[in-house]
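Order of the sequence lines fixes the chain letters, A, B, ..., with proteins taken first and strands second; residue numbering starts at 1 for each chain.
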Protein chains: 2
Amino acid sequence: MKKKSSSSVARVKQKRLSPEDRRQEFVRKATEFFSEEGFNGGTRELARRLGVTQPLLYRYFPSKEELVKEVYRKVYLEPLDTGWEKLLTNRSRPIRERLLQFYDAYTNVIFTRKWLRIYLFSGLKGLDINRWYVGVVRDKILTRIIKECRFEFGLPTQAKPTASEIEMAWVFHGGVFYYGVRRYIYEMPDIQDKEEMIANAIDGYLAGFARASAKDAKRPAAKSNRLNAAAAR
Amino acid sequence: MKKKSSSSVARVKQKRLSPEDRRQEFVRKATEFFSEEGFNGGTRELARRLGVTQPLLYRYFPSKEELVKEVYRKVYLEPLDTGWEKLLTNRSRPIRERLLQFYDAYTNVIFTRKWLRIYLFSGLKGLDINRWYVGVVRDKILTRIIKECRFEFGLPTQAKPTASEIEMAWVFHGGVFYYGVRRYIYEMPDIQDKEEMIANAIDGYLAGFARASAKDAKRPAAKSNRLNAAAAR
DNA sequence: TTTTTATTTTATCAACCGATAAATAACGCC
DNA sequence: GGCGTTATTTATCGGTTGATAAAATAAAAA
C-alpha cells in the first residue's frame, strides 16, 4: 500500500473536486455501472468501482433510488439537446439528405452500449420517463419527418399525421433502432456499416411513403384515421 | 379457512397432478412471474403466487438458475416449432401474401407481454440462447425471405444474401418487432391494428427491395459484399 | 501550528436472498 | 381402516442488500 500522501510529496492529481463535481462524477460512473449490471446492481460493488466505500454514496444521494433517477434523467435528456430539430426542417436540401444527416447524428448519440442498455432496462420497468421519451420521439421527430415528406412529395402538410403514416415512420425508426440493439446489445458479428444501413433504411422508407401516398391519392382519406377518432373520445 | 377436504366432500378440483405435470405448471407460472418481475424476482414471492411455500420449489428444481433456464428454453422454442417455414416457400402464392400470412402467424406467437419481456430480459443478460435465437431468425427466416423476394423479382436465387439484403431485411423485421415492444412493453395508446401495420411494413420492404434491386442491376455486384469478405478471413 | 469544518471510513442494523434439513400432511394401495 | 410413499410445510442457515450512526481522517481556515 501507498503512504497517505498528505501534503506535498508525490501528489500528482486528486485536487478534491467541488461537491457538485464529485456528485456528477458519481452519477457518470454509476451510469456505466448500472448499464452493465442492471439497476439491481449492488451499492457495494458500485462503490468499489468508484474507489470509495459504500456508505459514502449516501452522503451524496439520499437513497439508491434517487441516484438511479438521476442516471435516468441524464441518459434520457442527453440525446434531446443536440438541436437536430432545425436539421430536419431545412427545406433548401432534399429530404433524403436531411434524413441521412439527422439519423447519422441521432444514432451517434444513442448507439452506445451504455445508452441502449439503460433505455431498455428502464423501458422494462415501465418508467414514466421512458414513456415520455417515446412520446417525444413520436411528436417531435416522426411527426416532423412525416410533414417534411409530405412537402417533398407535393402533398398538403397541415393535417395531422394519419395513423398509417405514424406507424410506417415507427416501423422505419424502430428498424433503425433495432440495428443498434443487434450491434451493441446482442453484439452480433458481421454487421453492415451504420451509414449504409441508414441509407438503405431511408430509401426503403421513402419508397414506401411514395407508394402509400400514391395509393391514398386514388381513394381519398378514410379508414386510416381510426386513431384520431379514438383519441377524440 | 376451509376444511381439509380429505376424501370426497366438496372436492371440486385439485386432483393432484403427476410430478411432471406439476413441474410444468410451475414452469408456466414462473414464466409469467419472471416476465413481470425480471429474473431478480425472489423465490418467496414466486412461491406465494404459486400458492405454495418457497422450499417446495427446490423439490422440483435443484436451483433457481435451473428453473430460470427451463423458462428460457420454453419461451425461446415456442415460436420455432410452428412449421411456418413451408409457409414462406410456397411459390404458388405471391410473396406479398406469404409474408402477410407468415408475419401474422409469427407475431401472433411473439407479440405477448410475456414473451417480449422475457426475450428482452435475457437479451440484456447476453445469454447464449438469445444469440442463438437471433441467428436462427437471420438464417431461417430472413435468408428465406430474401431468397423468395429474389425469385419474385426474377433474380438469381442461389448466391448467398448480400450484406445489404440482410440488413434491409433486419430493418424491416426489427421495425415489425418494435411494434410489439411499443404495444406490449411501452403500452403506448392509440396504436394501429397489427394487420395494417404488417401490411404497410411489408409493402414498404418490397418497395425498398425492388428499388435496391434495380439500383444493383445498373452497376453489378460489388461493394455490398464487404460482409462475405470479412466472414471468409 | 492550531482550530475548525468537510469528507470518508468503520461498524453495524434489519430485511431479504437462495438453499437445506427435519417435521408434518396428504395421497395411493392393500 | 392402516401403512408406506410422496408431497408439502416449518424452521433455520449463511450471505447479501440498502441504509444509519459514530469514529476517523483530510482539507481548509485561523
Side-chain angles (χ1 to χ4, degrees), chain A residues 1-27 29-30 33-34 36-72 121 125, chain B residues 1-27 29-30 33-34 36-72 121 125:
Chain A
M1 285 280 184
K2 280 278 186 61
K3 214 203 305 177
K4 297 296 180 57
S5 89
S6 61
S7 55
S8 59
V9 179
R11 162 68 69 88
V12 192
K13 36 190 169 182
Q14 299 286 72
K15 212 19 203 308
R16 177 177 273 194
L17 293 70
S18 85
E20 186 51 31
D21 285 350
R22 189 131 173 78
R23 185 185 161 89
Q24 287 308 314
E25 194 194 6
F26 281 2
V27 173
K29 292 243 197 165
F33 174 72
F34 287 127
E36 285 303 322
E37 306 294 323
F39 293 103
N40 295 101
T43 53
R44 280 171 177 79
E45 176 65 16
L46 167 59
R48 200 186 60 76
R49 298 204 196 179
L50 288 167
V52 300
T53 53
Q54 179 246 3
L56 185 59
L57 295 172
Y58 290 85
R59 180 168 194 85
Y60 291 89
F61 309 94
S63 68
K64 178 186 174 182
E65 198 185 333
E66 275 306 309
L67 167 57
V68 166
K69 276 186 187 169
E70 221 153 317
V71 169
Y72 288 142
F121 274 127
K125 279 199 186 176
Chain B
M1 288 273 185
K2 281 277 184 62
K3 215 201 305 177
K4 296 297 180 56
S5 88
S6 61
S7 55
S8 58
V9 179
R11 163 66 69 87
V12 192
K13 35 190 169 183
Q14 299 285 74
K15 212 11 201 313
R16 178 178 273 197
L17 294 70
S18 85
E20 187 51 33
D21 285 349
R22 188 128 172 81
R23 185 185 162 90
Q24 288 308 314
E25 194 195 5
F26 281 2
V27 173
K29 292 242 198 165
F33 174 72
F34 287 127
E36 285 303 322
E37 306 294 322
F39 293 103
N40 294 101
T43 54
R44 280 171 177 80
E45 176 65 16
L46 168 59
R48 202 187 59 77
R49 297 204 197 179
L50 287 168
V52 299
T53 52
Q54 179 245 4
L56 184 60
L57 295 173
Y58 291 86
R59 180 168 194 84
Y60 291 90
F61 309 95
S63 70
K64 177 186 175 182
E65 200 185 331
E66 275 305 311
L67 168 56
V68 166
K69 275 185 187 171
E70 220 152 317
V71 169
Y72 289 141
F121 273 127
K125 279 199 186 177

Roughly, in whole Å, what's the span from [atom1] in [X] to [atom2] in [N]?
| X | N | atom1 | atom2 | answer |
| --- | --- | --- | --- | --- |
| A:Q54 | D:dT16 | CD | C1' | 11 Å |
| A:L50 | C:dT8 | CG | P | 11 Å |
| B:F33 | C:dC17 | CZ | C1' | 12 Å |
| B:R22 | D:dT8 | CZ | C1' | 9 Å |
| B:D21 | D:dA7 | CG | P | 12 Å |
| B:E37 | C:dC17 | CD | P | 11 Å |
| B:R23 | D:dA7 | CZ | C1' | 15 Å |
| B:F34 | C:dC17 | CZ | P | 12 Å |

Using a cut-off of strictly less than 4.0 Å between a heavy atom of the residue and any atom of DNA chain D, enumerate the qualifying residues of residues 56-67 of chain A by number.
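Those residues are A:Y58, A:S63, A:K64.
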List the atom of B:K64, the atom of B:G41, and the distance in Å for their closest heavy-atom pair.
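Looks like NZ-O, 2.9 Å.
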What is the minimum heavy-atom distance between B:T43 and B:L57, and which atoms define it?
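For B:T43 versus B:L57, the nearest heavy atoms are O-CD1, 3.6 Å.
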Counting neighbours of NZ on A:K69 that are heavy atoms of other residues, nucleotides or ligands and sit closer than 6.0 Å, is the number greater than 12?
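For A:K69, atom NZ is not crowded (no more than 12 foreign heavy atoms under 6.0 Å).
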Decide side chain to side chain contact (heavy atoms under 4.5 Å, CB included) for B:V52 and B:R22; before the verdict, give the C-alpha distance in whole Å, the side-chain angles of both, and the deciding distance to 0.1 Å.
CA-CA 12 Å; B:V52 299; B:R22 188 128 172 81; 3.5 Å; yes
Hey, are A:E45 and A:R49 close enough for a salt bridge, meaning a charged N less than 4.0 Å from a carboxylate O?
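Salt bridge present between A:E45 and A:R49.
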Suppose we call two aromatic rings close when their centres sit under 6.0 Å apart. Are B:Y72 and B:F39 close by that rule?
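When the ring centroids of B:Y72 and B:F39 are compared, they turn out to be within the sub-6.0 Å range.
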For the side chain of B:V52, starting at C-beta, report the closest nucleotide among D:dT9, C:dT9, C:dT8.
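Closest of the options to the side chain of B:V52: D:dT9.
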At a heavy-atom distance below 4.0 Å, what parts of residues 39-47 of chain B sit against DNA chain C?
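Going residue by residue through residues 39-47 of chain B, the ones with a heavy atom under 4.0 Å of DNA chain C turn out to be B:G41, B:G42, B:T43, B:R44.
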To the nearest 0.5 Å, what is the distance between CG (B:L46) and NZ (B:K29)?
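The NZ atom of B:K29 is 10.0 Å from CG of B:L46, to the nearest 0.5 Å.
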In Å and rounded to the nearest 0.5 Å, what is the CZ to OG1 distance from B:R48 to B:T53?
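It comes to 13.5 Å.
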In terms of ring plane angle, is the pair A:Y60 and A:F26 parallel, tilted or perpendicular, where the classes change at 30° and 60°?
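If you compare the ring of A:Y60 with that of A:F26, the planes turn out perpendicular.
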